[in-house]
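Encoded as structure tokens, the structure appears first; notes follow it.
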Amino acid sequence: MFKKVLVANRGEIALRVIRACRELGLQTVAVHSTADAESLHVQFADEAVCVGPPPSKESYLNIRALMAAAEVTGCDAVHPGYGFLSENPAFAEIVEKLGLKFIGPRSEMLCLMGNKVQARNFAEKAGLPLLPGARGILASGDEADGIAREIGFPIILKAAAGGGGRGMKIVREGGDVRRTFEQASSEALAAFGDGSMYLERYVEEPRHIELQIVADEHGHVIHLGERECSVQRRHQKIVEEAPSPAVTPELRKEMGEVALQAMRRIRYNNVGTVEFLMDEKGRYYFMEMNTRIQVEHPVTEQVYGLDLVRLQIKLAAGDKLDRTQESVVPRFHAIECRVNAEDPVTFAPSPGNITGLHQPGGYGVRVDTMAFEHYRVQPYYDSLVAKLICWADKREVALQRTRRALNEYVVEGIKTNIPFLRRVIEDPRFQEGRYDTRIVEQILAGRGEAGGSRAATGT
Ligand code: MV4
């Protein structure tokens, strides 16, 4: 096992990692920007090193400063959290080369899954279901147009270097595939330094469903079921739940088996997520793979009763997975609400001083947060201030508990999206589990549900 872990992140996930390390008896080193000097992750770690000024590029993304911090404090492992450098193969490689352990998959996994065309090709070979589309990178607008005509409209053009919704363009019947390809490709080149594009059939009303993978370094892999992440706005997830209301035990078993077969084939190690789109008929298609611990990992933890960050660290240290697929059972239903420092109507960021704070608690309630009274939400980073996770033995009770907990929440001094989270939880489509990735738009438009005026105007 490691002795000292560099936590290369900030906010709630840095705290989450530090807590897991503490329970394992590991020393921790926090890194922080000058803006985060008073943060809880700095206070809770055994040591802390300032790695630069507020902008992420100069601090949390500053590989030299991070590695220097690891060196001077004598760390033997690095936990990247999510975001920042967590899926950067160059960072993982440098960590490995300096003889430290990167707590995550091998850098080659980050490389493979970071390129969405390579990931798609791998998925095809490994037997994961794919939407009809291009076999590889599109050589020209002409080629894109030809493939689009073969598979039929609508189609979606995606950047190989994109992911998470970045660098995508939809083309419908009668649209100009050539022109859209040229546009998308030059935008991708500007944004990612790589203009490579691929295309596939576009699914109109998909659900976003992702499967949690846990793998050791000895070839043993299990899955911990799915998370439903369809409640999102502009590719930012807002509410996640597990299990998905759209996944039966039979479907879970099937999706799990195909995903595990693929993970074994590449000898995937550590935790990861296989992302699927599900269409209205319940057919599912591989989209991409995330090679990090995710923001929404707590819903899986509460459903399966496993500490994923603890597992992540132990697996990186070479421990064998001590669970079989048969021994992991979904026992609860969990719902996560992301509490963001933002205007609940315009979604504009709302940084500033939290002058008053009461966080919910009680039976079946967990709050993962870096916030405290008088904490200053910084304008430089993402607006996530807390994750509220509520669970119960039945979905209906988890919903009631989430509603109760949201009503207990008081955050003063900044605006938060809590009023919007209440609207999601009150929405009949959400309550019935009959929703897809359009649900936020539908709620904002105030359409399509009985008693809609209450949900649309409330709070
Ligand atoms: C799609 C899609 C429909 N058809 N691909 C978005 C995140 C990235 N991982 C994949 N994404 C999508 N890929 C095909 N072939 C729909 C999404 C998608 C989405 C697209 C537009 C607006 C919101 C969305 C939310 C989730 C997924």
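In this chain, numbering begins with 1 at the start of the sequence shown. Side chains included, hydrogens not; waters and symmetry mates left out as well; all remaining heavy atoms used. As the structure lists them, so they are numbered: ligands from 1, and atoms in each ligand from 1. In this text the structure is predicted, and so the values were computed from the model without any measurement.
Inter-residue side-chain proximity for Lys387 and Glu296 is flagged as unmet; no heavy-atom pair is nearer than 4.5 Å.
Not a single ring pair (Phe, Tyr, Trp, His ring centres under 6.0 Å) links Phe91 to another residue, sequence neighbours left out.
Both cation-pi conditions hold for Arg233 and Phe347: the charged atom is under 6.0 angstrom from the six-membered ring centre and inside a 45 degree cone around its axis.
Between the side chain of Asn417 and the main chain of Asn340, a donor-acceptor pair closer than 3.5 Å is present.
Ring geometry for Tyr60 against His41 counts as tilted: the plane angle lies between 30° and 60°, on a 0 to 90° scale.
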Within the protein, flag every N or O under 3.5 Å from an N or O of ligand 1, and note the pair and distance.
{"from": "ligand 1", "atom 1": "4 (N)", "to": "Val203", "atom 2": "N", "distance (Å)": "2.9"}
{"from": "ligand 1", "atom 1": "5 (N)", "to": "Lys158", "atom 2": "NZ", "distance (Å)": "2.9"}
{"from": "ligand 1", "atom 1": "9 (N)", "to": "Glu275", "atom 2": "OE2", "distance (Å)": "2.5"}
{"from": "ligand 1", "atom 1": "9 (N)", "to": "Glu288", "atom 2": "OE1", "distance (Å)": "2.9"}
{"from": "ligand 1", "atom 1": "13 (N)", "to": "Lys158", "atom 2": "NZ", "distance (Å)": "3.0"}
{"from": "ligand 1", "atom 1": "15 (N)", "to": "Glu200", "atom 2": "OE2", "distance (Å)": "3.0"}
{"from": "ligand 1", "atom 1": "15 (N)", "to": "Arg201", "atom 2": "O", "distance (Å)": "2.7"}

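Judged purely by distance below 3.5 Å, without hydrogens or angles, the side chains of Glu87 and Thr291 pair a donor atom with an acceptor atom.
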